[in-house]
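Throughout, protein chains are lettered first and strands after them, A, B, ... in sequence-line order, and every chain is numbered starting at 1.
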2 protein chains.
Amino acid sequence: MRTDIELETEVMTLLKKHDLRLTQVRKEVLSVFLIKEQALSQSDIEENVGQIDRITLYRTLRSFEDNGLIHRAIDGTDKLRFALCVDLCEKENHKHNHAHFHCEKCTKTICLNGVEFPKIIHPAGFKVKETYYVMQGVCSKCQ
Amino acid sequence: MRTDIELETEVMTLLKKHDLRLTQVRKEVLSVFLIKEQALSQSDIEENVGQIDRITLYRTLRSFEDNGLIHRAIDGTDKLRFALCVDLCEKENHKHNHAHFHCEKCTKTICLNGVEFPKIIHPAGFKVKETYYVMQGVCSKCQ
DNA sequence: AACATTTTTGCAACATAGTTTCAAATACAA
DNA sequence: TTGTATTTGAAACTATGTTGCAAAAATGTT
Ligand SMILES: [Mn+2]
Ligand SMILES: [Mn+2]
Ligand SMILES: [Zn+2]
Ligand SMILES: [Zn+2]
């Protein structure tokens, strides 16, 4: 666990590290990501913060993404979700090589940071810049 | 290449095979999938058929999907795309194990039917039912 | 070919998500 | 504390997803 003070400190440190101004909205949204350890959709976040304007939230997520704080968690559903970047992501330069798991029962999506996936044979003539690996099924808690 | 007659025959055969009535809309939409050999979004299709009601198109795509004629091509973009099923997919029982490639230049998404991906280690306690593998980059034509 | 039955279509209406513009509020550094 | 740049929230608009319903079309049967 983490005390409130520790959370606040962590939030401030992360925002500064990624060149983001420390605003009320950003602190709240980032806190939610740190507390819930899963990928979050816009509506997930709205349910976990005091009222925030949806346009502001929309822009907050884009700026987090642009600045390497969160990444899109592709999970094969039509809902767009974001998750905290694990480490060294920078402005315009995300570096992820982990799979995402989407549970069809609890509808949660999580980053499988431990599950690296192997390089597979790329088709000749194609230049591959990003790869995503998605798993869907039932998570350990929902068995 | 394929003659118009051959195309028409193929369309009829496919629709019948998948228990779908042979309607004007369905024939047109399926033709587009057969001609363009790539994953198509709703707007892609609208651009390639005479005017079709968007709700009808929406429902046409769902019924094609339900009946194993097309599948969702997860490509990591926020645009939903569908592609023809290669073979043996049935009602409620799609069987795909191929990767999808999305080109950031021409924005096309294609099925890499030849590129099977390896089973990767599933996290303990998780039951995996579906997996998707997505590649993004620059396609051979856009190099 | 005409009919009866079931499915599909097109329209209206509504829901939700994405996006731009702009003025007021806020953050930050001088 | 003050000036500047950024962020926020509201309005307005666009795109996409979804249901209900009556008219039209498809199919199987006389
Ligand atoms: Mn992730
Ligand atoms: Mn495919
Ligand atoms: Zn679950
Ligand atoms: Zn291309």
Side-chain angles (χ1 to χ4, degrees), chain A residues 8-9 11-32 39-70 72-82 91 107 109, chain B residues 8 11-32 39-70 72-82 91-92 107 109:
Chain A
E8 174 117 14
T9 308
V11 164
M12 310 261 266
T13 309
L14 269 172
L15 288 174
K16 277 184 194 156
K17 185 173 164 190
H18 291 271
D19 295 316
L20 289 160
R21 290 194 175 193
L22 286 70
T23 71
Q24 200 50 47
V25 171
R26 288 176 178 167
K27 285 191 269 187
E28 280 192 57
V29 173
L30 184 49
S31 296
V32 176
L40 300 170
S41 66
Q42 180 137 353
S43 53
D44 290 334
I45 296 166
E46 278 169 1
E47 286 166 16
N48 283 283
V49 292
Q51 71 94 5
I52 289 187
D53 181 75
R54 72 181 190 93
I55 293 112
T56 302
L57 177 53
Y58 168 79
R59 282 187 286 218
T60 300
L61 293 172
R62 308 303 132 161
S63 66
F64 280 10
E65 186 187 18
D66 289 345
N67 289 36
L69 200 46
I70 60 177
R72 282 162 197 245
I74 311 290
D75 67 359
T77 69
D78 23 10
K79 205 154 197 178
L80 178 55
R81 286 172 223 261
F82 293 93
K91 237 182 165 76
T107 72
T109 299
Chain B
E8 173 116 15
V11 164
M12 309 262 267
T13 311
L14 269 171
L15 288 175
K16 278 186 193 152
K17 185 175 165 191
H18 290 271
D19 295 317
L20 289 160
R21 290 194 175 191
L22 287 68
T23 71
Q24 200 48 49
V25 171
R26 287 175 179 168
K27 285 190 269 187
E28 280 194 56
V29 174
L30 184 49
S31 297
V32 177
L40 299 171
S41 66
Q42 180 137 354
S43 52
D44 290 335
I45 297 166
E46 278 168 2
E47 287 166 17
N48 284 283
V49 291
Q51 72 94 5
I52 289 188
D53 181 74
R54 70 181 193 92
I55 292 109
T56 301
L57 177 52
Y58 167 79
R59 280 187 286 219
T60 300
L61 292 172
R62 307 305 133 161
S63 67
F64 280 10
E65 186 187 19
D66 289 346
N67 289 37
L69 201 47
I70 59 176
R72 282 162 197 245
I74 312 288
D75 67 358
T77 69
D78 23 11
K79 206 153 198 179
L80 177 57
R81 286 171 223 260
F82 293 94
K91 238 180 162 79
E92 310 286 325
T107 73
T109 298

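- With rounding to whole Å, B/Phe64 atom CZ is found 12 Å from C/dT8 atom C1'.
- Rounded to a whole Å, the CD1 atom of B/Ile55 is 12 Å from the P atom of C/dA13.
- Checked against C/dA13, C/dA17, C/dT9, the side chain of B/Thr60 finds its nearest nucleotide in C/dT9.
- Considering only the side chain of B/Leu22, D/dT27 comes nearest among D/dT27, C/dC11, D/dG17.
- Considering only the side chain of B/Arg59, C/dC11 comes nearest among C/dC11, C/dG18, D/dA10.
- Residues A/Arg54 and A/Glu46 approach most closely at CB-OE2, 3.5 Å, considering heavy atoms.
- What separates CG of A/Asp53 from C1' of C/dA24 is a distance of 13 Å, to the nearest Å.
- Rounded to a whole Å, the CG atom of B/Leu40 is 17 Å from the C1' atom of D/dT16.
- Looking only at atom types and distance, the side chain of B/Thr109 has no donor-acceptor partner in the side chain of B/Lys79 under 3.5 Å away.
- Of the listed nucleotides (C/dC28, C/dT9, D/dG17), C/dC28 has the atom at the smallest distance from the side chain of A/Arg21.
- D/dA15 atom C1' lies 14 Å from atom OH of B/Tyr58, rounded to whole Å.
- With distances taken from any side-chain atom of B/Thr56 to the nucleotides D/dT18, C/dT9, D/dG17, the minimum falls on C/dT9.
- As rounded to whole Å, 11 Å separates atom C1' of D/dA15 from atom CD of B/Gln42.
- Using modelled atom types, one finds no donor on one side chain facing an acceptor on the other under 3.5 Å when comparing A/Asp66 with A/Ser63.
- A/Leu57 places its CG atom 16 Å from the P atom of C/dT16, with the value rounded to the nearest Å.
- At least one side-chain nitrogen or oxygen of B/Thr23 sits closer than 4.0 Å to the OP1 or OP2 atom of C/dT9.
- By the 4.5 Å heavy-atom criterion applied to side chains, B/Leu69 and B/Leu15 are counted as neighbours.
- A salt bridge links A/Arg72 with A/Glu65: the closest approach of a Lys/Arg side-chain nitrogen to an acidic carboxylate oxygen falls below 4.0 angstrom.
- Residue-to-nucleotide contacts include no donor-acceptor pair under 3.5 Å from the side chain of B/Arg54 to the base of C/dG10.
- Across the protein-nucleic acid pair, A/Ile45 atom CD1 and C/dA17 atom P stand 12 Å apart, rounded to whole Å.
- Comparing A/Arg62 and B/Val25 along DNA chain C, the residue whose closest nucleotide (by nearest heavy atom) sits nearer the 5' end is B/Val25.
- Distances from the side chain of B/Arg26 to the nucleotides D/dT19, D/dA10, C/dT8 place C/dT8 closest.
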